Amino acid sequence: MPELPEVETTRRGIEPHLLGRRVAEVVVRDGRLRWPVPDSLALELRGLRIDAVQRRAKYLLLRAGDGTAILHLGMSGSLRILPAEQDPTQHDHIDIILDDGFCLRFRDPRRFGSLHWTLANPLEHKLLRALGPEPLADEFCGAWLHARSRRRRVAIKNFLMDSHTVVGVGNIYASEALCRAGIDPRRAAGRISARRYDELVACVRETLTLAIAAGGTTLRDFKDSEGKPGYFGQELLVYGREGQPCAHCEGHIERIVQGARATYFCRSCQR
DNA sequence: ATGGGCACCTGGCTGC
DNA sequence: TGCAGCCAGGTGCCCA
């Protein structure tokens with residue numbers, strides 16, 4: 001479910017409910033996530049005031065006391081703000097109960113998500129320290145992509161989804177950004193010009209910015225923190241549109257597989 | 001270092 | 001209606 005726009009939509013949704021609140025209790029019903037949730041997390045978090053709700057890549061960072069909870073939604077995770085007494089449903093694995101009677105409820109059917117606690121700088125955490133630039137930050141630019149891609153034979157779509165290259169560009173938005181940029185997703189990253197990388201950066205930013213403004217993409221079951229769907233799905237140019245006519249030319253959209261993931265593109269206008 | 005493939009897990013949809 | 005098979009938005013890790 002969540003790519004960067006969905007995670008940012010979630011962050012913006014939960015932030016006003018969490019800032020300044022104290023954690024009354026943490027209930028871990030099922031800590032078997034991608035990595036086991038440590039028993040100590042509930043004890044560490046209890047009583048602390050939440051001072052910031054930040055995002056780095058697709059990780060959400062809840063700053064509390066001297067530490068930080070590092071949360072990832074995986075493929076199917078979601079967060080909602082609910083009255084603490086509301087009965088949990090299947091896959092509602094963790095509640096962070098606040099001092100105002102509400103709770104932050106983490107649901108994740110596939111359990112690919114994760115929750116860590118650290119007292120150190122979270123940006124130096126093993127999971128975060130090697131990540132590339134944020135796609136909406138200035139460090140992410142054509143020159144960066146061009147320099148990093150020299151001699152690389154990997155397909156541009158896989159290069160773009162590599163978190164060392166840039167974070168937050170997942171399977172949907174990689175296809176979308178390459179379509180907007182008119183670049184064939186199979187093209188070797190090392191054989192794309194600096195000028196085309198400038199265009200690609202603009203298209204990545206445009207795609208993500210529009211998706212965030214629309215509240216993310218709902219394909220199957222994405223819901224924001226209030227339980228509402230995102231509306232970017234209606235604006236997807238190629239993703240999930242196999243066989244449909246291309247919006248830019250007379251061609252039609254194809255589905256191929258790259259690195260075991262579906263890629264959608266138009267052969268005639270992406271070169 | 002690079003690139004490719006797999007695993008983790010559950011649910012929804014399709015087609016027989 | 002039942003069920004097998006396929007697919008899914010992430011990403012760390014293992015292997016050649």
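Just so it is clear: chains get the letters A, B, ... in the order the sequence lines come, proteins before strands, and each one is counted from 1. Computed from a predicted model, the values in this text were never measured in an experiment.
- Nucleic acid contact class of A:G259 (heavy atoms, under 4.0 Å, all strands): none.
- In terms of phosphate contacts, A:Y239 brings a side-chain nitrogen or oxygen within less than 4.0 Å of OP1 or OP2 of C:dG9.
- Side chains of A:Q258 and A:T263: a donor-acceptor N/O pair is present below 3.5 angstrom, by distance only.
- Rounded to an integer number of Å, the gap from A:M75 CE to C:dA8 P is 8 Å.
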Query raised in the report: Could you go step by step and tell me if A:E15 and A:R11 meet the salt bridge (charged side-chain N to carboxylate O under 4.0 Å, His left out) rule?
Result: CA-CA 6 Å; A:E15 181 180 42; A:R11 191 197 69 75; 3.2 Å; yes

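- Residue A:R34 places none of its side-chain N or O atoms closer than 4.0 Å to OP1 or OP2 of B:dC9.
- By the side-chain hydrogen bond (donor to acceptor under 3.5 Å, both in side chains) test, A:E25 pairs with no residue at all, sequence neighbours left out.
- Closest to the side chain of A:M161, out of C:dA8, B:dG4, C:dG10, is C:dG10.
- The minimum heavy-atom distance between A:L123 and A:N121, with the atom names listed, is N-OD1, 2.9 Å.
- Annotation: B:dC6 and C:dC6 have their P atoms spaced 14 Å apart (nearest Å).
- Contact annotation: A:R255 reaches the phosphate of C:dA8 (side-chain N/O to OP1 or OP2, under 4.0 Å).
- Here A:Q90 does not reach the OP1 or OP2 of B:dT10: none of its side-chain N or O atoms lies under 4.0 Å away.
- Counting only heavy atoms from C-beta on, A:R110 has its side chain closest to B:dC9 among B:dC9, C:dG9, B:dG11.
- In terms of phosphate contacts, A:H91 brings a side-chain nitrogen or oxygen within less than 4.0 Å of OP1 or OP2 of B:dG11.
- Regarding contacts with the backbone of C:dC13, a side-chain N or O of A:K126 is found under 4.0 angstrom from either OP1 or OP2.
- Minimum atom distance to the side chain of A:P109 is reached by B:dG11, of the listed C:dG9, B:dG11, C:dT11.
- Distance noted for atom P between C:dC7 and B:dG5: 16 Å (whole Å).
- Along DNA chain B, the nucleotide nearest to A:R32 and the one nearest to A:R152 differ in position, and the one closer to the 5' end is contacted by A:R152.
- The side chain of A:R261 contributes an N or O atom lying less than 4.0 Å from OP1 or OP2 of C:dG10.
- Counting non-hydrogen atoms under 4.0 angstrom, A:Q258 reaches nothing in the nucleic acid.
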Let me have the donor-acceptor pairs involving side chains of residues 108-116 of chain A, under 3.5 Å, with sequence neighbours excluded, atom names and distances please.
residue: A:D108; atom: OD1; partner: A:S76; partner atom: OG; Å: 2.5
residue: A:D108; atom: OD1; partner: A:G77; partner atom: N; Å: 3.4
residue: A:D108; atom: OD1; partner: A:R111; partner atom: N; Å: 3.3
residue: A:D108; atom: OD2; partner: A:F112; partner atom: N; Å: 3.3
residue: A:D108; atom: OD2; partner: A:G113; partner atom: N; Å: 2.8
residue: A:R111; atom: NH1; partner: A:R32; partner atom: O; Å: 3.0

Query raised in the report: Which dot-bracket string fits DNA chain B when only Watson-Crick or G-U wobble pairs with both atom distances under 3.5 Å count, crossing pairs get [ ], and | stands for a partner on a different strand?
Result: .|||||||.|||||||

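- With hydrogens and angles ignored, no donor-acceptor pair closer than 3.5 Å exists between the side chain of A:R153 and the base of B:dT2.
- Residue A:H72 places no side-chain N or O under 4.0 Å from the OP1 or OP2 atom of C:dG10.
- Taking the nucleotide of DNA chain B with the nearest heavy atom to each of A:A260 and A:R148, the more 5' of the two is matched to A:R148.
- Annotation: side chain to side chain donor-acceptor pair (under 3.5 Å) contacts involving residues 161-173 of chain A, sequence neighbours excluded, comprise A:E6-A:Y173, A:K157-A:N171, A:D162-A:H164, A:Y173-A:T217.
- Shown here are the salt bridge (charged side-chain N to carboxylate O under 4.0 Å, His left out) partners of A:R186, two or more places apart in sequence or in another chain: A:D184.
- The nucleotide whose nearest atom lies closest to any side-chain atom of A:L127 is, among B:dC9, C:dG12, C:dG10, C:dG12.
- Residues from residues 177-193 of chain A placing a heavy atom under 4.0 Å of any atom in DNA chain C do not occur.
- Stacking is found between A:F112 and the pyrimidine-like six-membered ring of the B:dC8 base under the 5.5 Å centre-distance and 30° plane-angle cut-offs.
- Contact annotation: A:Y59 side-chain N/O to C:dG12 OP1/OP2 distance is under 4.0 Å.
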